Amino acid sequence: MRGWMAATGVLLALGTAGGALAQGDVIAERRNGLRQMGQHIEAIAAVVQGRGDQAQIVARVDQMIPWFQSMPGRFPANSLTPPVAQGTGDGQTRALAAIEANRADFQAKDAAMLTALTNLRTAAAAGNVTPDLLRTTGGTCGACHQSYRAR
């Protein structure tokens, strides 16, 4: 009987740890993805500022769009945090719990980002990306940060 109780305890502990690991994976994947999105924006800005080949922008936007299409699902309720300054510890993020309370708005902001990226891609394909268009795209991205990211 003790063996069964011990085995059950171990299984319960593993199940709980598995949930924590899964949440940690979501957070790590999200952080890595957002970091990559920032790197893409920086590289795009360098092309625009240097008046480089805008075909490079098309390739980067093509990598960004699928990530933003999946972004709302990368913020499950159990991975969000109450407002805290500089949340960087294990399991702590700067993604505010307000996302869950305002899920429709969060998804609308993501949809706006997808529209901005589509517009950016279209302009890049024609060689017409301007600094203003890039600022507009960055502002669309930042609008989500204003509402849903702790500072």
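In this text the structure is predicted, and so the values were computed from the model without any measurement.
Note that OH of Tyr148 and CZ of Phe106 are 8.0 Å apart. Values are rounded to the nearest 0.5 Å. Rounding to the nearest 0.5 Å gives a distance of 12.0 Å between SG of Cys141 and NZ of Lys109.
At a threshold of 4.5 Å between non-hydrogen side-chain atoms, the residues Val26 and Glu29 do not count as touching. No side-chain heavy atom of Leu80 sits less than 4.5 Å from a side-chain heavy atom of Leu96. At least one side-chain heavy atom of Phe75 sits less than 4.5 Å from a side-chain heavy atom of Arg103.
Evaluation of the side chain to side chain donor-acceptor pair (under 3.5 Å) test over residues 64-76, restricted to residues two or more places apart or in two chains, returns Ser70-Arg74.
Residues meeting the salt bridge (charged side-chain N to carboxylate O under 4.0 Å, His left out) test with Arg121, sequence neighbours left out: Asp62. Every residue two or more places apart in sequence or in another chain was checked for a salt bridge (charged side-chain N to carboxylate O under 4.0 Å, His left out) with Asp53, and none qualifies. Scored by the side chain to side chain donor-acceptor pair (under 3.5 Å) test, Glu42 finds no partners at all (sequence neighbours excluded).
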List, one per line, each side-chain donor-acceptor pair under 3.5 Å for residues 33-41, sequence neighbours excluded.
residue	atom	partner	partner atom	Å
Arg35	NH1	Asn32	OD1	2.9
His40	ND1	Arg60	NH1	2.8
His40	NE2	Gln63	OE1	3.4

Determine all donor-acceptor pairs shorter than 3.5 Å in which one atom belongs to a side chain in residues 111-119; sequence neighbours excluded.
residue	atom	partner	partner atom	Å
Thr115	OG1	Ala111	O	3.2
Thr118	OG1	Leu114	O	2.9
Asn119	ND2	Thr115	O	3.4

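Note: the hydrophobic cluster containing Leu133 also contains Met64 (ILVMFWY, side chain heavy atoms under 4.5 Å, direct or indirect links).
Val48 approaches Pro131 most closely through the heavy-atom pair CG1-N, 3.9 Å.
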